[in-house]
Every structure is written in structure tokens, then in C-alpha cells.
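Below: the structure, in C-alpha cells.
Keep in mind that this is a model prediction, so the values were computed, not measured. Numbered from 1 within each chain, the chains take letters A, B, ... in sequence-line order.
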Protein chains: 2
Amino acid sequence: MKRKITLKQIARELDVSVSTVSKALKDSDEISDDTKQKIQAFAKLYNYKPNNIALSLKNRKTKTIGVIIPEIVHYFFSKVIQGIENIALKHGYNVIIGVSNESFDNEVINIETLANGSIDGFILSLSKETLQKQDYHHLNETISQGMPVVLFDRVIDAIVCDKVIIDDINGAKEAIELLISKGCKRIAIITTEDYISVGRLRLEGYLRALNENEIESNDDLILKVDDRYESEDRLDLLDTAIERLLVNNPGIDGVLAVNELYAVSAMRVARKLGCKIPDEIQVIGFTNGVLSRHATPGLTTVAQNAQKIGEKAADLLIKRLETEQEEESYETSVIDTRLVIRESTK
Amino acid sequence: MKRKITLKQIARELDVSVSTVSKALKDSDEISDDTKQKIQAFAKLYNYKPNNIALSLKNRKTKTIGVIIPEIVHYFFSKVIQGIENIALKHGYNVIIGVSNESFDNEVINIETLANGSIDGFILSLSKETLQKQDYHHLNETISQGMPVVLFDRVIDAIVCDKVIIDDINGAKEAIELLISKGCKRIAIITTEDYISVGRLRLEGYLRALNENEIESNDDLILKVDDRYESEDRLDLLDTAIERLLVNNPGIDGVLAVNELYAVSAMRVARKLGCKIPDEIQVIGFTNGVLSRHATPGLTTVAQNAQKIGEKAADLLIKRLETEQEEESYETSVIDTRLVIRESTK
DNA sequence: ATTGATAACGCAAACGTTTTCGTGTTGAAA
DNA sequence: TTTCAACACGAAAACGTTTGCGTTATCAAT
């Protein structure tokens, strides 16, 4: 086993100084051609590569981006990571992933362990628990220590930094408008509790669309799902809640769900209740993921361009990292949504 | 903005030496109680945290695990990462992710940039292109440099290291046995090309099960899907291939697919051809992911315990990292599969 | 008064780089 | 022969830690 070789070892072996080796490998013209060739050949032979850690310490930058997401087994988030990876790789950055599992404590721990020199900046989406507690001191502290942060998807005004979001209001509004144009009169929405911004905003879009089309909104048609129903072993509770919605409110002919899971669950429940999709009920979801694509019938969805979100977030972060000046003007980038029509709408 | 504080700054501020600060913060009894309290209080006030990079350089270990996967937007791989993250966090390790996108070159680049001191060890699954080229020099080199490596899922004998796999042969065999016990007489398999080990092994299990049950195998019933059909915009080609399989071989009453995508595609095509599932054709897939759970009908699958694979891989790696001695005996851990019965089988 | 122990701290090296600033050697010009 | 560039290289500091060892000062014991 031949361990990695260092400048010092090369220097000793070739009987020159460490600085000579360093310069020779950088092709400095301080060093004679003879010596350079000798050193370069030797380095190549032993496959010398500079030690990243030493470089990081010296340069005070790690060329590494920290990404903290609530959940990794999730089409949207993994697609965002893919976007981040793309851009990062292109600029010579590595990506280190932390998963908060929707827990505030995990988020804090992840941030704290990464913020001590391991990374140059953060890209993150807040955990549900953090949103609920409305405690952002950990983020504001790392930001005030000069660590650049880019927030995406689940963002919050109280944190001042670059942000990447989608136009949730408009995405939902367009979806509802599609349903209306397809003849829906009684449209329900399956959303999250209000503290999750995307749920709140999509509900807002739903209400606006109804309002603009002079359809009276009805609280009975608004189902705010308890988070806890989202875990894999609580699907029955989600189904029950949806079933209650459909049974208690006969005549529902359109459903907007704020994520894939809610949407396919709605379709499953509707089918169970004997409703034809899209003939009797039309369904639209959010996130054009694998579920939407392979559901039966195929699910019409509001595509979020998750990959683009990741790319934009990485762009913003890297731009801030590479331009030293501390611009105190932060950018919020809005990524457009796109309706993908499939068979769950007419 | 208050930047992170260092030992040196504390030392200067309190008019002591750096080493005194360091020792005081470690509660060394070389330092008087007075000084310790003063220093500790000051450090706490300024929220001192040791710089990870400096520690890494000094200790020659980074407490970071490098994970390289072929694809991140993928239930199986993201679930494996979740398992790795769990264990890593528990042992104070960070996880840095590289995505090869099934490309040999990307795999090499990822490994090389991470191997230069950024990480203590690798966990990885080989890219398809690497498997095809059968070129493993990059891995064998990093291993020979003393970098611990754990391979999972797509493993290869030519690389000598710890490995974590599932019992593909047996998993497939049990699936086929289930189909046979449910009355299937003419069972097809939708698998990958042979160079992908999991496809090859599952085919092997299929053949063994047929053999043991004295059913003659038939090459016409073995569909080896071209990789390129797997991308999101090539789904029609996959469907066409499956359709050809079903149309050219009437009487197929059972299908084993080596992944979720192939399985739901098979169901979609079968339904399109007017076949009832599971009455006329029963289908079993691999990977108990979100597709299997939410397909209609629910897909019976061979669950791979992806999270357990990740946990085991992380365990193996960390064990090797923490026990310094260079044991030259490598372990191959086999994670058991589990049949999850749903409505796509009788 | 001398010795020796002990307490409390600082020095310096080490991890692997890069880079600034010498320094010694050569050769040519004066 | 002296002087001065130019050339080729080395020493050392710096990044932020940790740690073995050396160095004081104090005080008790002889």
C-alpha cells in the first residue's frame, strides 16, 4: 500500500526544499527547467495531488457547499439536490448533505457542525418543526457570522438572505383556472396546515382563482391535512380524511392537491367511492414526480422545476462566494411553474 | 457581522498563550481554575467552536464519509443515503455526496476530488458505464492508497473491499415461487442487460426457481431492457418493448420485473392490452418504493431494505475507520429481502 | 541557604500547503 | 578585480489546532 505522497516527501526524496517543489509543480519561472522537469516527473510518477484539507486551511475556503433538506427520500428534494450538484460540479464545488428529518434539533446540529469551517455556504429548506417554532436564531447567527445562506422552497421573511421559490400562488391559480375551464363547479383543495408556506400560498392561489371567477369559496372544501398523516405508515389516516371530505361534500368535481401524495391518495379514494376520473372528478397535483407520471390515470400536475430551483440556488450561492464584496442586497428568485396535463383532467 | 473567533484571538484578548487557551477549553489540570474559568467564559461568550479544517489537518482525519451513487432521484439510492446518514450522524460523521450519473468519467472525477484528503472513506455503488467498461483502476488505486471503501448493490469481485448486497438470487427465486404457487404457468422476466449484476443475479434466481419447479425456461420470455430506455423521456420505448413481449408471447400469466419502473410499465401495458391484473397477469417488482405503494393496483414487490443497506455499509466503513489495524479480511454482508404482497398478485 | 517538588504557563513542532522575502551563486559589464 | 543583475533556490510565516516538553516562580523540606 502506497500512501498519498506530500510535498515534503518529494522534497526530501529529490533533495530540494518544499517551496521549490511547490513552485515547480505550479510551473513557476523562479525554478530552472531542469529542476521543474525532474520534480514534475517525480510527482506524476507518484501521482501527487495536493491535500484538500491543507489547501482549505490555507485559503480559508473549502470549495464545499452545505445542503440541508428536511427529507431526502422525496422526489422534489432529491431533484433539487441534482440541480445543485450539477452547478457545484461545474464550479469545482463539492456538496455535503445534511438531513433534518423535519426536526428543529437536527437542523441546528447539522448547521452547527457544518458551519465550523467545513463549508463555504449553505443552501437549505427549513424543517417543518422550525417553521412551527418560528425559531430562526441558528440561521440568523450563522448568517451574521458571514456565512452565505440561500433558502429555497420553504422560506421565511424573518431570515434575510438570498432565496429561491416557485410562484406558488400563481401555480395554484392556474391549476384552478384549468379545472374551471374544464367545467368544474365545486373544487376542493387538499393542503397542509398554514405554517407551511407552500401550503398557505397554494391555498391563497386557490382562493384567488375562485374569487376572480366569482365562485364562492367554502371552508368545507378546504382540507388541511395534519402533517403526521404523511408518513408511510399513516396513509390510512390520510385516506380517511380525504374520504370524509368527499363523502361529506357530495358534488365535488375537482380537486387540487398540494403534493403528489395527496393527489394520488385523492384519486385512490375517489376510485374507491366509485367516482370516475376525470369524468366525475378531475384531480391536479403539485410536483411532477415519478408518482404523477406513473399513476393511473396519469396525474395532471403543477411542475415545480425542482432541478432548476437547485441550479438557481447554487448559482446564487456561488456568485456570492466568488464575489468577495459584501453586497447587502439580497435576491429572491422566482422559478416559474408549468402545468403538465395528463389524464386526470379532461 | 462578527466572524468566527479563533484560539489566537482569545489568547490575544486575554493575554495568555494559544496553548493555554486550548488546554483551558479542554479543562486540562495544567491550568489554574481561575484562568480556566476566565477563558471558558470568554469562549462561551464569543461562541467559540474549534475549526474543523484545522482539526482535520492535525488529526489527519476528516470525520466525513464520501458517498458516490449513480443517481440521486431514485427511491432506492436516496433510501440508502438515508440509512448512511443515520449511522454517520450517530458517530459524528458527515456525509458528502457525489453523483456519477451512471458515467464512468464522473465517477472517476468524484472519487479523485474527494480522495485528496476530503474524506476518510468511501461508500459507493458503481455506475453502469463503469460496469460496462470493467475498468476499476480508479477504485483499486484509492483502495491501495489506504482509503477504505465499501461497495453496495452494484458490486464486483475484481474490487477487493467490504461489500453490502442483497440476496438477489433468492429474492427473485421467492418471487417466482410465489407466482407459481398462485397458479402461474408462463412467467416472463423483465430485466437489465447482463453487465448489471443485480439484473443478472435476479435472472439467475428466476431460472433457478423455474428449474426447481420443472418449468422449462424460454428465452422469448426473458426481456433484457436497453438501459437507455430508462430515462424519463424514453418511456415509450420501454413500453413498446414490453408490449412486444406480451403480444408475441400470448399466455403470459406472470411477470417479474427487476425494478419498480419496469413493473409499473408492465402493468400499464398489460392494462392497455386489456389484461386484468392480477386475474390474467400477475406482476411482481423489485424495490418497495413509492411507486409500488401507490400504483394501481398496488404492486407486490421484493423489498430490498435499502435503508438497512445504507446503515450496514456505514457501519462497516466506520468500523474499519475506527479500528486502526489493517485487517486484510473483508466482509460481504448480505441483507435479506422481503416479499411485500399487494394487489398485483392473487 | 540550598534543594526539590509542584503548580501554571509558554514554546515549538506538527499537520500540508502557498507565498513573500531573502540569499547565495553565477556571469558579464565596468 | 570589482560590481551588479539575473537566476535559482531556501527559509519562514501563515492558516487553526493539539500536545509534549521546557521554563519559570513559589513554597516547603532539609
Side-chain angles (χ1 to χ4, degrees), chain A residues 3-40 42-43 46-64 92 113-120 145-146, chain B residues 3-40 42-43 46-64 92 113-120 145-146:
Chain A
R3 294 221 165 255
K4 292 210 75 69
I5 198 170
T6 69
L7 286 187
K8 191 190 287 192
Q9 295 172 36
I10 299 183
R12 195 181 312 142
E13 215 62 40
L14 262 44
D15 213 48
V16 290
S17 78
V18 173
S19 33
T20 303
V21 179
S22 176
K23 290 169 186 167
L25 293 179
K26 298 203 120 48
D27 233 357
S28 157
D29 46 24
E30 265 187 272
I31 309 295
S32 73
D33 287 344
D34 285 6
T35 321
K36 276 199 281 195
Q37 282 188 10
K38 193 176 57 177
I39 292 178
Q40 286 170 2
F42 190 91
Y46 282 90
N47 192 27
Y48 169 80
K49 296 276 169 53
N51 180 299
N52 280 334
I53 297 293
L55 285 180
S56 294
L57 185 58
K58 178 135 220 344
N59 301 332
R60 288 128 140 273
K61 53 176 84 172
T62 61
K63 283 275 189 179
T64 303
T113 66
L114 291 183
N116 299 124
S118 301
I119 60 158
D120 295 341
Q145 285 177 350
Chain B
R3 294 222 166 255
K4 292 211 74 73
I5 198 170
T6 70
L7 286 187
K8 191 190 287 193
Q9 295 172 37
I10 299 183
R12 194 182 313 141
E13 216 63 39
L14 263 44
D15 212 48
V16 290
S17 78
V18 172
S19 35
T20 302
V21 179
S22 176
K23 288 168 184 167
L25 292 179
K26 297 201 123 47
D27 235 356
S28 156
D29 45 27
E30 265 187 272
I31 309 297
S32 72
D33 286 344
D34 283 7
T35 321
K36 276 199 281 193
Q37 282 188 8
K38 192 176 56 175
I39 294 178
Q40 287 170 1
F42 190 91
Y46 282 89
N47 192 26
Y48 169 79
K49 295 277 167 54
N51 180 300
N52 281 333
I53 297 293
L55 285 180
S56 295
L57 184 59
K58 179 132 219 342
N59 302 331
R60 286 130 139 268
K61 54 175 85 173
T62 61
K63 282 276 188 177
T64 303
T113 65
L114 292 184
N116 298 125
S118 301
I119 59 157
D120 295 341
Q145 284 176 351

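For a distance-only test at 3.5 Å, the side chain of B:Ser19 qualifies as a donor-acceptor partner of the base of C:dC11. The base of C:dG10 sits within donor-acceptor range of the side chain of B:Lys23, with an N or O pair under 3.5 Å. Interface remark: the B:Lys4 side chain does not form any donor-acceptor pair with the D:dG16 base, using a distance-only criterion of under 3.5 Å.
Of the two residues near DNA chain C, B:Ser17 and A:Lys49, the one whose nearest nucleotide lies more 5' is B:Ser17. Between B:Glu30 and B:Asn59, the one whose closest nucleotide on DNA chain D sits nearer the 5' end is B:Asn59.
Contact between the side-chain N/O atoms of B:Lys58 and the OP1/OP2 oxygens of C:dA13 is not found at any separation under 4.0 Å. Between B:Ser22 and D:dT17 there is no side-chain N or O to OP1 or OP2 distance below 4.0 Å. Checking the phosphate oxygens (OP1, OP2) of C:dC9, a side-chain nitrogen or oxygen of B:Thr35 falls inside 4.0 Å. Considering only side-chain N and O atoms, B:Ser32 lies under 4.0 angstrom from the phosphate OP1 or OP2 of C:dC9. Considering only side-chain N and O atoms, B:Arg60 lies nowhere under 4.0 angstrom from the phosphate OP1 or OP2 of C:dA14. In terms of phosphate contacts, A:Lys36 brings no side-chain nitrogen or oxygen within less than 4.0 Å of OP1 or OP2 of D:dA8.
With hydrogens and angles disregarded, a donor-acceptor distance shorter than 3.5 Å links the side chain of A:Lys36 to the backbone of A:Ser28. Distance alone, capped at 3.5 Å, places no donor-acceptor pair between the B:Asn52 side chain and the A:Leu114 backbone. No donor-acceptor pair closer than 3.5 Å links the side chain of A:Asn59 to the backbone N or O of A:Lys61. Judged purely by atom type and a 3.5 angstrom limit, A:Thr62 has no side-chain atom pairing as donor or acceptor with the backbone of A:Ser56.
Across the protein-nucleic acid pair, B:Lys26 atom NZ and D:dT18 atom P stand 4 Å apart, rounded to whole Å. Between the CG atom of A:Leu14 and the P atom of D:dG10 there is a distance of 11 Å, given to the nearest Å. Spacing between atom CG of B:Asp15 and atom P of C:dC9 amounts to 12 Å, rounded to whole angstrom units. Spacing between atom CD1 of A:Ile39 and atom C1' of D:dA8 amounts to 11 Å, rounded to whole angstrom units. What separates CG of A:Leu57 from P of D:dA14 is a distance of 13 Å, to the nearest Å. When rounded to the nearest whole Å, the span between CG of B:Asn52 and P of D:dC15 equals 18 Å. Between B:Asp29 atom CG and D:dT19 atom C1' there is a gap of 14 Å when expressed in whole angstrom units. In this entry the distance linking CG of A:Asp33 with C1' of D:dC7 reads 12 Å, nearest Å.
Nucleic acid contact for B:Val18: base, since at least one base atom lies under 4.0 Å from a heavy atom of the residue. Among the heavy atoms of the strands lying under 4.0 Å from A:Leu7 is at least one base atom, whether or not backbone atoms are also near.
For B:Tyr46, the OH atom is loosely surrounded, since the number of other residues' heavy atoms within 6.0 Å does not exceed 12.
Looking at the side chain of A:Thr6, the nearest of the listed nucleotides D:dT18, C:dT17, D:dG16 is C:dT17. Closest approach to the A:Ile31 side chain among D:dC9, D:dT18, D:dC15 is made by D:dC9 (side chain taken as heavy atoms from C-beta onward).
The shortest side-chain heavy-atom distance between A:Asn47 and A:Ile5 does not fall under the 4.5 Å cut-off.
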